[in-house]
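Note sheet for the following structure.
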Amino acid sequence: MVPISIRNITKRFGETVALRNVSLRIEAGELFFMLGPSGCGKTTLLRHIAGFYTPDNGQIFFGDRDVTRLEPHQRNTAMMFQSYALWPHMTVEQNVAFGLEERKVPRPEIEDRVHEALDMVQMGKYMERKVTQLSGGQQQRVALARALVVRPEILLLDEPLSNLDTQLRLEMRQEIRRICKSFGLTAVYVTHDQKEALSVADRLAVLDGGNIVQLGTPEDMYRNPRSAFLASFMGETNFIPGQVEGPTSRQHLWSVATAAGRFWGRVPVGEWQPAPGEPVTLSIRPEALTLAPFRELRNCVAGSLTRATYLGEYAQYEVKTDKLGLLRLSEPNPRKLHPVDGPHVNVLADPEDVVLLKL
């Protein structure tokens with residue numbers, strides 16, 4: 001297991017700054033995700049780790065080894081691409097063996113390691129098949145075996161599941177995590193899928209405009225966003241503008257005046273102390289809103305249900321309010337949908353689920 005240290009990396013392509021003085025440490029054996037909108041710099045950073053790009057400024061270390069200007073084949077990494085990049089004219093066995101043959105590994109050892117890698121991804125019985133005879137999920141497993149067979153210190157994955165259907169994606173998420181943890185690999189995984197990152201990562205970083213916006217555990221990133229950008233990027237949320245009134249009787253909660261009344265909420269950034277009168281935005285996830293039987297004095301809004309969508313494990317609603325416009329609400333395990341355009345309802349949020357965001 002080896003840690004990765006990225007120190008003040010800057011990369012330009014012509015007039016475009018793809019990475020801006022990025023620093024990051026990925027711990028040994030960590031399954032680390034990078035995500036963000038298109039053009040944010042996540043794939044550029046991954047390609048620097050792989051050795052496909054050389055930074056304009058900064059350094060990259062694997063443990064104590066400076067690899068900033070080493071060629072990809074000198075880094076003991078393996079990369080799994082979105083397209084899988086398998087050889088269509090070769091069998092499964094030949095595809096997996098290719099990297100070992102290039103490294104001049106003795107034939108008996110190649111055979112043993114190919115069998116081991118294919119068994120690891122449950123593809124041993126397909127060894128003699130051409131990759132064109134395999135399903136997308138099977139090809140994905142072969143690509144993973146090919147990356148693992150060279151026994152890398154670091155595994156790099158660039159949107160590896162984007163071509164799979166929903167069920168296969170769910171299966172392969174946990175399969176990749178299992179394999180990385182079983183072999184103690186340090187893995188860096190680029191994706192645009194927030195659910196994928198939240199369900200698999202040990203930690204993750206969100207990039208935007210060549211900068212790391214925030215990094216942390218999946219729970220921290222979802223529940224404690226430090227900006228409106230991050231709150232909306234990590235999942236659906238409702239934004240409510242307001243003005244800070246001051247601290248409440250509960251030490252970590254603050255009172256905020258909004259057009260629909262008073263809300264209590266918490267601050268996710270410890271060093272920020274909101275000032276009375278300061279404008280803020282409240283972020284409330286749809287699943288944090290519930291329908292209440294009566295109006296509460298705070299953290300409550302009256303409205304009417306204008307749209308209902310049944311999605312099996314949960315139902316989505318739009319609530320039209322007089323003061324705040326539309327709010328989105330999710331209800332888990334719905335037995336039936338609430339009537340739309342019926343009488344007014346009261347929508348309630350627990351103060352612990354209301355996050356104050358600094359403007």
Assess, by modelled atom type and distance only, whether the side chains of Arg7 and Ser5 contain a donor and an acceptor separated by less than 3.5 Å. yes

Non-neighbouring partners of Ser227 that pass side chain to side chain contact (heavy atoms under 4.5 Å, CB included), sequence neighbours left out: Val213, Phe229, Leu230

State whether a side-chain donor-acceptor pair under 3.5 Å links Gln59 with Asp66. yes

Judged by modelled atom types alone, do His338 and Glu331 share a side-chain donor-acceptor pair under 3.5 Å? yes

Under a 3.5 Å threshold, yes or no: a donor from one side chain and an acceptor from the other, between Asp56 and Thr10? no

Going by side chain to side chain contact (heavy atoms under 4.5 Å, CB included), name the residues that satisfy it together with Arg107, two or more places apart in sequence or in a different chain. Glu101, Ile110, Glu111

Check whether the ring centres of Phe13 and Tyr53 lie less than 6.0 Å apart, and answer yes or no. yes

Selection residues 299-326 - residue pairs positive for salt bridge (charged side-chain N to carboxylate O under 4.0 Å, His left out), sequence neighbours left out: Arg307-Glu318

Which pairs with one or both residues in residues 223-234 pass salt bridge (charged side-chain N to carboxylate O under 4.0 Å, His left out), sequence neighbours excluded? Arg223-Asp353

Partners passing side chain to side chain contact (heavy atoms under 4.5 Å, CB included) against Ala187 (at least two apart in sequence or in another chain): Leu31, Leu155, Leu157, Cys180

Per the salt bridge (charged side-chain N to carboxylate O under 4.0 Å, His left out) rule, what does the pair list look like for residues 119-128, sequence neighbours excluded? none

Salt bridge check, Arg169 against Glu196: does any charged N sit closer than 4.0 Å to a carboxylate O? yes

Do Gln133 and Tyr126 have side-chain N/O donor and acceptor atoms under 3.5 Å apart? no

